[in-house]
Amino acid sequence: MLRSLGWHLNHWAGLVLESPCPLCRRSSPKALCADCGQRVQDCAIAPGWQQRALPVFAWGQYEGGLKRAIAALKYEANPYLAHQLGDWMAAHWHTSQPPHPQFTVVPIPLHADKLKARGFNQAAWLAKRFCAQTGLPLMPHGLERIRATQAQFQVAGRDRRQNVQGAFQVSQSLLSRKVKTPILLLDDIYTTGATAHTAAHTLRQQGITVKGIVVLAITRPER
């Protein structure tokens, strides 16, 4: 409850006041001060699709300033950071060649318990801004998380698919819409792809086409 109240206060303060940069605490008229914003942008990678079993479009590498910004977004009650980060994701998208002319964007959902504790779903906030800037249609509740799972970063890579197995279901709102454009999933971080592949499999079981996932950050492959 206190965390939820905290992000509401931080959100409105970020909109109407010059507030501390969430990464360095220096006063800034923007979501990030110029120095921290540059450190985050230094993590950006060349726009384009990484061809995997599920194609991945990533804005940046999960390290340095970007890693710190995601932590501030998710765990330090700063959802308004999604506005700037979503804008950068959209700018990358505009310079790329999408594999399909149109998508419907579906963010990876949080379980109700985690959503209540955090107060917001960072993927949904990023998706809303991304879609506002790209013009792609958004289905914010296209998927539902029906099983609470352990945080993926706490699970060994080989066990991550098992951790999220059966975690999702397609919402009635998406099923009733009978969306004709392919689905583009959206999440904050792509590591092993276990969450993305499980979500895509859930959609495909209902005959829904999934063409890829767009993420804010991607980790370097494990060696």
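Please read all numbers here as calculations on a predicted model, not as lab measurements.
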Under a 3.5 Å distance rule, please check whether [X] uses its side chain to pair with a backbone N or O of [Y] as donor and acceptor.
{"X": "Arg129", "Y": "Leu85", "answer": "no"}
{"X": "Asn121", "Y": "Ile108", "answer": "yes"}
{"X": "Arg145", "Y": "Pro109", "answer": "yes"}
{"X": "Asp113", "Y": "His111", "answer": "no"}
{"X": "Ser28", "Y": "Cys21", "answer": "no"}
{"X": "Gln61", "Y": "Ile218", "answer": "yes"}

Considering all heavy atoms, the nearest [X]-[Y] contact:
{"X": "Pro20", "Y": "Tyr80", "answer": "O-OH, 4.4 Å"}
{"X": "Lys211", "Y": "Pro182", "answer": "CG-CB, 3.3 Å"}
{"X": "Ala196", "Y": "Ile213", "answer": "CB-CD1, 3.6 Å"}

Requested in this report: Anything under 30° is parallel, anything over 60° is perpendicular, the rest tilted; go ahead and classify His92 against Trp59.
Outcome: tilted

Requested in this report: Give the ring-plane orientation class for Trp125 versus His83, where under 30° counts as parallel, over 60° as perpendicular and anything between as tilted.
Outcome: parallel

Query raised in the report: Yes or no on side chain to side chain contact (heavy atoms under 4.5 Å, CB included) for Leu184 and Trp93, after CA distance, side-chain angles and deciding distance?
Result: CA-CA 12 Å; Leu184 178 68; Trp93 181 265; 3.8 Å; yes

Roughly how far, to the nearest 0.5 Å, is [atom2] of [Y] from [atom1] of [X]?
{"X": "Leu203", "Y": "Thr198", "atom1": "CG", "atom2": "OG1", "value": "11.0 Å"}
{"X": "His197", "Y": "Leu185", "atom1": "NE2", "atom2": "CG", "value": "10.5 Å"}
{"X": "Arg177", "Y": "Thr104", "atom1": "CZ", "atom2": "OG1", "value": "6.5 Å"}

Are [Y] and [X] connected in a single hydrophobic cluster, I mean Ile/Leu/Val/Met/Phe/Trp/Tyr linked by side-chain heavy atoms less than 4.5 Å apart?
{"X": "Leu110", "Y": "Val170", "value": "no"}
{"X": "Leu81", "Y": "Leu115", "value": "no"}
{"X": "Ile146", "Y": "Ile208", "value": "no"}
{"X": "Trp49", "Y": "Tyr62", "value": "yes"}
{"X": "Val179", "Y": "Leu175", "value": "yes"}

**Report entry** Trace of the side chain to side chain contact (heavy atoms under 4.5 Å, CB included) decision for Leu136 with Phe130
**Finding:** CA-CA 8 Å; Leu136 294 176; Phe130 176 79; 3.9 Å; yes

